[in-house]
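A short write-up of the structure that comes next.
Ligands are counted one by one from 1 in listed order, and the atoms in each one are counted from 1 as well.
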Amino acid sequence: MRVLIFGCGYVGIPLGAELVRQGHEVFGVRRSADADAALTAAGIHPLVADITQPGDLAKLPGPFDWVVNCASSSRGGPEEFRTVFLNGTRNLIEWLAATPPKKFVFTSSTSVYGQTDGLPVKETASTNPASETGKVLVEAEKLLLAAAQQKKFPAVILRVAGIYGPERGHLFQQYLRDEARLEGKGERHINMIHVDDLVGVLLAALKSGRPGEIYNAVDDEPVTQLNFFRWLSEALGKWMPESAAEDQLGDRKRARTNKKVQNRRLKMELGYQFKHPTFRQGYTSEMIRLERAGQLDVKPEAR
Ligand SMILES: NC(=O)c1ccc[n+]([C@@H]2O[C@H](COP(=O)([O-])OP(=O)(O)OC[C@H]3O[C@@H](n4cnc5c(N)ncnc54)[C@H](OP(=O)(O)O)[C@@H]3O)[C@@H](O)[C@H]2O)c1
């Protein structure tokens with residue numbers, strides 16, 4: 001297959017490398033040539049384009065059999081988010097209308113679920129997020145689902161949980177730096193997926209995902225913050241983080257959700273089997289990697 005990956009970054013590069021390994025011809029898009037060497041080293045043909053610029057898309061060397069959009073807003077604010085996810089999605093649908101791919105996969109986010117009751121959440125659950133960024137993603141998903149319904153655009157949506165792996169995993173990194181804080185009693189659930197599994201899920205979605213369908217890309221075990229830090233604390237022999245009072249959470253409080261995102265559809269329909277079914281396996285391999293690289297310098301904090 002000729003495969004095009006928009007936003008060929010943390011997830012796109014290992015995805016492209018795996019597709020190349022499986023014999024596909026892979027092109028990776030970013031907004032500048034700065035990462036060309038990293039893409040080329042992975043066997044990916046680097047292309048420069050910005051999905052928010054229709055003129056850039058028109059110059060890409062199509063057609064493509066499979067297209068993945070995993071561009072991110074690179075920590076931009078709501079405006080940047082809207083431009084990349086909403087205008088970008090609209091541009092891609094329009095650009096691909098003349099020669100639709102066999103499959104188009106979009107990496108949305110579990111942030112589209114605004115639930116706060118800590119109960120299980122399936123793909124059929126309502127999507128009323130309080131966060132602006134979540135609202136934009138719901139709109140982008142609607143564009144893709146509408147296009148898929150017209151049978152002209154084979155869009156598959158992955159609602160991706162918090163990605164962790166080498167150099168990623170916000171809470172883990174904060175914990176290693178002694179900067180982690182429990183939110184209140186730590187009862188809120190965290191939903192995660194290891195980058196290796198996200199690559200596997202993307203491949204499964206390209207091969208077997210049903211157009212117009214949504215799949216939660218999350219591992220088997222949503223975990224409360226408290227239990228996550230308890231496990232890390234035991235594994236690393238380090239103190240538990242202290243609690244941050246509710247009023248210290250600032251902006252984070254408003255958009256805070258609490259839900260246990262379920263992955264049954266992913267496993268049943270796509271037959272996906274996790275390499276790291278829970279954070280325990282994923283973070284154990286991450287700790288081993290850091291230890292072997294001489295980068296796991298854990299000193300129990302003085303209390
Ligand atoms: N991180 C998470 O926990 C998480 C959770 C849920 C969903 N997701 C989604 O998962 C996807 C993959 O995430 P990731 O961690 O691989 O992101 P990433 O490392 O930031 O990679 C995305 C790449 O997109 C490129 N990009 C940004 N704007 C672009 C544009 N307008 N046109 C073309 N390329 C553009 C950036 O490269 P240049 O700056 O060089 O252009 C960047 O390297 C993203 O869609 C993200 O929103 C992430």
Quiz item: Do the side-chain N and O atoms of Tyr113 and Asn216 include a donor-acceptor pair separated by under 3.5 angstrom?
Solution: yes
Exercise. Please determine if Ser72 has a nitrogen or oxygen closer than 3.5 Å to a nitrogen or oxygen of ligand 1.
Key: yes
Quiz item: What residue and atom, counting heavy atoms only, is the protein's closest point to atom 12 (C) of ligand 1, and at what distance?
Solution: Cys70 O, 3.5 Å
Practice problem: Find all atoms of ligand 1 within a distance of less than 4.0 Å from any non-hydrogen atom belonging to Ser109, and give their numbers and elements. | Solution: 6 (C), 7 (C)
Self-check item: Closest approach of any protein heavy atom to atom 21 (O) of ligand 1, naming residue and atom
Solution: Gly9 CA, 3.5 Å
Practice problem: Report the nearest protein non-hydrogen atom to atom 25 (C) of ligand 1: residue, atom name, distance rounded to 0.1 Å. | Solution: Gly7 CA, 3.6 Å
Quiz item: Which of the atoms in ligand 1, numbered in the order shown and given with their element, are less than 4.0 Å from a heavy-atom of Ala49?
Solution: 32 (N), 33 (C)
Quiz item: Hey, are Tyr215 and Glu269 close enough side-chain-wise for a donor-acceptor pair under 3.5 Å?
Solution: yes
Self-check item: Glu179 atom CD: more than 12 heavy-atom contacts under 6.0 Å
Solution: yes
Practice problem: Among all protein heavy atoms, pick out the one at the shortest distance from atom 40 (O) of ligand 1; state its residue, atom name and that distance to 0.1 Å. | Solution: Arg30 NE, 2.9 Å
Self-check item: Nearest option to atom 30 (C) of ligand 1, as decided by whichever heavy atom of Met192, Arg159, Arg31 sits closest
Solution: Arg31
Self-check item: Steps toward ring pair (Phe, Tyr, Trp, His ring centres under 6.0 Å) verdict (Phe81, Phe85)
Solution: CA-CA 6 Å; Phe81 216 81; Phe85 288 102; 4.5 Å; yes
Quiz item: Does the gap between the ring centers of Tyr272 and Phe274 come in under 6.0 Å?
Solution: yes
Quiz prompt | Glu221 CD to His189 NE2 distance, which is reported to the nearest 0.5 Å | solution = 9.5 Å
Practice problem: Find all atoms of ligand 1 within a distance of less than 4.0 Å from any non-hydrogen atom belonging to Gly162, and give their numbers and elements. | Solution: 3 (O)
Exercise. Could you list the atoms of ligand 1 found under 4.0 angstrom from a heavy atom of Ile163?
Key: 1 (N), 2 (C), 3 (O), 4 (C), 10 (O), 48 (C)
Quiz prompt | Residue that, paired with Tyr175, satisfies ring pair (Phe, Tyr, Trp, His ring centres under 6.0 Å) out of Phe228, Trp239, Phe229 | solution = Phe229
Quiz item: Is Ser111 touching ligand 1 with its side chain, its backbone, both, or neither, if touching means heavy atoms under 4.0 Å apart?
Solution: neither
Quiz item: Are Val160 and Leu203 linked, directly or through other ILVMFWY residues, by side chains that come within less than 4.5 angstrom of each other?
Solution: yes
Exercise. Give the residue and atom name of whichever protein heavy atom lies nearest to atom 15 (O) of ligand 1, and the separation in Å to one decimal.
Key: Arg168 NH1, 2.7 Å
Quiz item: For Gln281 and Thr278, does a side-chain donor sit closer than 3.5 Å to a side-chain acceptor?
Solution: yes
Exercise. Provide the number and element of each atom of ligand 1 under 4.0 Å from a heavy atom of Asp50.
Key: 30 (C), 31 (N), 32 (N)
Quiz prompt | 4.0 Å heavy-atom contact, His170 with ligand 1 | solution = no
Quiz prompt | Taking atom 19 (O) of ligand 1 as the reference point, the nearest protein heavy atom with its distance | solution = Tyr10 N, 3.0 Å
Quiz item: For ligand 1, does Ala161 get within less than 4.0 Å through its side chain, its backbone, both, or neither, judged by non-hydrogen atoms?
Solution: backbone
Self-check item: Contact (N/O only, under 3.5 Å) between Cys8 and ligand 1
Solution: no
Self-check item: Parallel, tilted or perpendicular: ring planes of His194 versus Tyr164, cut at 30 and 60 degrees
Solution: perpendicular
Exercise. State the atoms of ligand 1, each with its element, that fall below the 4.0 Å cut-off from a heavy-atom position in Val11.
Key: 12 (C), 16 (O)
Self-check item: Identity and distance of the protein heavy atom lying nearest atom 47 (O) of ligand 1
Solution: Phe85 CZ, 3.4 Å
Quiz item: Which protein heavy atom lies closest to atom 45 (O) of ligand 1, and at what distance to 0.1 Å?
Solution: Ala71 O, 2.8 Å
Exercise. Flag yes if more than 12 heavy atoms outside Lys275 fall under 6.0 Å of its NZ atom; otherwise flag no.
Key: yes
Exercise. Taking the six-membered ring for Trp and the full ring for Phe, Tyr or His, determine whether the centres of Phe27 and Phe64 are under 6.0 Å apart.
Key: yes
